[in-house]
Amino acid sequence: MSTLERPETLRQREAPLEMSPETFRALGHRTVDRIAEMLETIRTRKVTPGESVSFVRGLVGEDGLPETGGDPAALLDRAASLLIEHSLYNGHPRFFGYITSSPAPIGFLGDLLAAAVNPNCGAFELSPMATEIELQTIRWIGEMIGFPAGAGVLVSGGNMANFLGFVAARRAKAGVDVRTLGTASAAGTLCIYTSAETHTWIQKAADLFGLGTEAIRWIPTDAHLAMDVAALREAIARDRAAGERPFIVIGTAGSVSTGAVDPLPEIAEVCRENDLWFHVDGAYGGLAAVLPDASEALRGLSLADSVAVDPHKWLYAPIEAGCTLVRDPNALRDAFSYSPAYYPFMHDAETPVNFFEQGPQNSRGFRALKVWLGLQQAGREGYVRMIGDDCRLAEALHCAAAAHPELEAFTCGLSIATFRYVPRDLRGKADAEEHLNALNQELLKRLRLGGEVFLTNAMVGGRFLLRACIVNFRTQLEDVEAVPEIVAVLGREVDRELRA
Ligand SMILES: *Cc1c(COP(=O)(O)O)cnc(C)c1O
């Protein structure tokens with residue numbers, strides 16, 4: 001086709017996704033107004049609408065892919081209405097579920113800005129400013145928790161952050177070139193040591209990275225649900241004697257169920273003696289190392305070879321943001337880098353950091369911006385205050401549960417409190433456990449649908465417990481003080497029904 005034959009529409013393209021700056025400004029302001037309204041009214045809303053799957057699916061509709069395009073103003077309005085009116089708000093002051101934080105508003109704005117500039121943080125050349133901001137963010141996170149980070153990278157969340165530490169360990173300690181020869185070439189099973197309270201990421205890691213879940217040695221825990229280090233030593237010695245190849249010990253800095261912290265300094269010592277990689281899963285509790293009164297057990301994370309933390313938990317960044325930190329500046333590059341011919345920018349004179357070499361992702365979004373902004377808006381002092389307050393609110397809830405005649409309080413670790421409903425006549429009755437488990441399970445289900453407060457559960461010693469995890473800068477004392485009576489009212493109702 002000659003130049004002359006090219007249609008006029010190519011000269012004056014009207015791409016369906018283009019938007020004039022004026023339209024963008026108008027729609028942007030409108031969307032921001034909707035978000036501001038959500039913030040204004042969040043306290044008066046339910047934590048969750050508790051709507052059924054079929055109802056929510058019906059709202060989205062069963063239509064096929066639209067053949068022709070639509071008006072962006074109407075589309076954004078509908079999206080805002082669907083999301084704002086039919087979502088669970090983890091930013092609600094009474095959301096205490098799982099380990100999910102309320103997101104910092106500066107983070108929403110950061111994500112918008114990041115998406116608009118759209119740097120590809122796989123390589124410095126494609127994201128010069130964003131890469132340097134990510135590097136500074138990583139340094140600040142290391143400083144905050146007292147970990148001497150030689151390198152690091154932001155990833156999607158805690159699972160991924162732990163995976164990267166795990167893969168770095170596998171590369172460094174397998175005793176063979178696993179990247180070329182695979183794990184089957186190792187002399188003996190590559191054994192993993194971790195406590196029975198470890199988050200389920202470890203099973204995914206053992207599976208995905210070719211070790212198999214049978215390579216996991218589940219080390220028992222003590223009365224505080226922290227790893228029993230004597231049992232750890234024995235397990236390593238037993239595997240060594242059997243010709244296996246121990247390579248990593250994982251310590252948890254804040255377990256998912258109860259906020260338990262493993263004795264990290266002792267575990268570090270075991271790793272040093274046995275030449276094993278020491279990885280700390282600090283996805284939840286790692287950031288609490290910023291507190292001036294952080295325990296010695298927790299501070300021991302500074303001795304690790306790698307640490308995973310979750311900025312989308314205790315840095316209150318909007319999802320997604322996880323972070324892997326490694327002590328050895330080369331540990332991540334050694335585990336992930338290849339040098340294909342089509343990436344010439346790796347060998348620049350100044351050798352910038354190209355993040356595609358530091359992890360599994362190639363193209364990467366600018367996750368760091370929302371984290372970097374939050375770190376500066378609050379500062380170290382601000383985070384000490386917010387994280388400290390979350391822990392004190394969990395303690396207050398634990399005390400309020402202990403003081404309530406129909407509640408029984410259990411653990412309180414970091415910002416997680418556990419308790420359960422116990423009818424007065426069943427207090428201290430050993431044969432009531434089965435009824436109490438069924439009761440609390442049903443109670444929790446109703447509580448969550450009701451939307452007054454959102455709790456999840458923990459299983460401790462065979463008991464089904466209600467669990468509040470406060471990673472929420474919006475929560476006030478009145479929000480936690482309201483919990484015992486909300487639970488007790490529902491508890492009485494469920495108990496009556498179950499006995500009938
Ligand atoms: C939350 C959490 C994870 C998983 O993190 P995601 O961000 O959900 O992927 C892993 N370990 C611990 C201890 C956690 O608290």
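No hydrogens, no waters, no symmetry mates; every other heavy atom, side chains included, goes into these values. Just follow the structure's listing: the first ligand is 1, and inside any ligand the first atom is 1. Since this is a predicted model, take the numbers as computed values, not measurements.
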Original post:
Name the one of Trp277, Phe278, Phe166 that satisfies ring pair (Phe, Tyr, Trp, His ring centres under 6.0 Å) with Phe247?
Top reply: Phe166

Original post:
Which atoms of ligand 1 are found less than 4.0 Å from any heavy atom of Val256?
Top reply: 12 (C), 13 (C), 14 (C), 15 (O)

Original post:
Do the ring centers of Tyr316 and Phe473 come within less than 6.0 Å of each other?
Top reply: yes

Original post:
What are the atoms of ligand 1, with element, lying closer than 4.0 Å to any heavy atom of Ile99?
Top reply: 15 (O)

Original post:
Would a line drawn from the ring center of Phe454 to the ring center of Tyr89 be shorter than 6.0 Å?
Top reply: no

Original post:
With a cut-off of 4.0 Å, which atoms of ligand 1 are near a heavy atom of Gly157?
Top reply: 7 (O), 9 (O)

Original post:
Can you check whether Phe366 reaches Val117 side chain to side chain, under 4.5 Å on heavy atoms?
Top reply: no

Subject >> Close-contact set for ligand 1 against Gly254 heavy atoms, below 4.0 Å >> reply: 13 (C)

**OP:** Would you check whether Asp310 has a nitrogen or oxygen atom less than 3.5 angstrom from a nitrogen or oxygen atom of ligand 1?
**Re:** yes

Original post:
So with a 6.0 Å cut-off around CD of Glu452, is the heavy-atom count from everything else above 12?
Top reply: no

**OP:** State the atoms of ligand 1, each with its element, that fall below the 4.0 Å cut-off from a heavy-atom position in Asn159.
**Re:** 4 (C), 5 (O), 6 (P), 9 (O)

**OP:** Give the atoms of ligand 1, by number and element, whose distance to some non-hydrogen atom of Tyr284 is under 4.0 Å.
**Re:** 15 (O)

Original post:
Looking only at N/O atoms, are His312 and ligand 1 under 3.5 Å apart anywhere?
Top reply: yes

**OP:** Say whether Lys313 and ligand 1 are in contact under the criterion: heavy-atom distance to a ligand atom below 4.0 Å.
**Re:** yes

Subject >> Residue, atom name and distance, where the atom is the protein heavy atom closest to atom 13 (C) of ligand 1 >> reply: Asp281 OD2, 3.2 Å

**OP:** Please say which of Arg364, Arg139, Arg367 ends up in a side chain to side chain donor-acceptor pair (under 3.5 Å) with Glu134.
**Re:** Arg364

Original post:
Tell me: protein heavy atom nearest atom 10 (C) of ligand 1, and distance?
Top reply: His199 CG, 3.3 Å

**OP:** Assess Gly322 for proximity to ligand 1: is some non-hydrogen atom of it under 4.0 Å away?
**Re:** no

**OP:** Going by the side chain to side chain donor-acceptor pair (under 3.5 Å) test, name the single residue among Ser415, Ser102, Ser101 that passes it with Asn472.
**Re:** Ser102

Original post:
Going through the distances and angles, do Arg467 and Thr456 end up as a side-chain hydrogen bond (donor to acceptor under 3.5 Å, both in side chains)?
Top reply: CA-CA 5 Å; Arg467 166 187 174 284; Thr456 49; 2.9 Å; yes

**OP:** Verify the neighbour count for atom NE2 of His86: are there more than 12 heavy atoms of other residues, nucleotides or ligands below 6.0 Å?
**Re:** yes

Original post:
Of Gly282, Ala283, Gly158, which has the heavy atom at the shortest distance from atom 6 (P) of ligand 1?
Top reply: Gly158

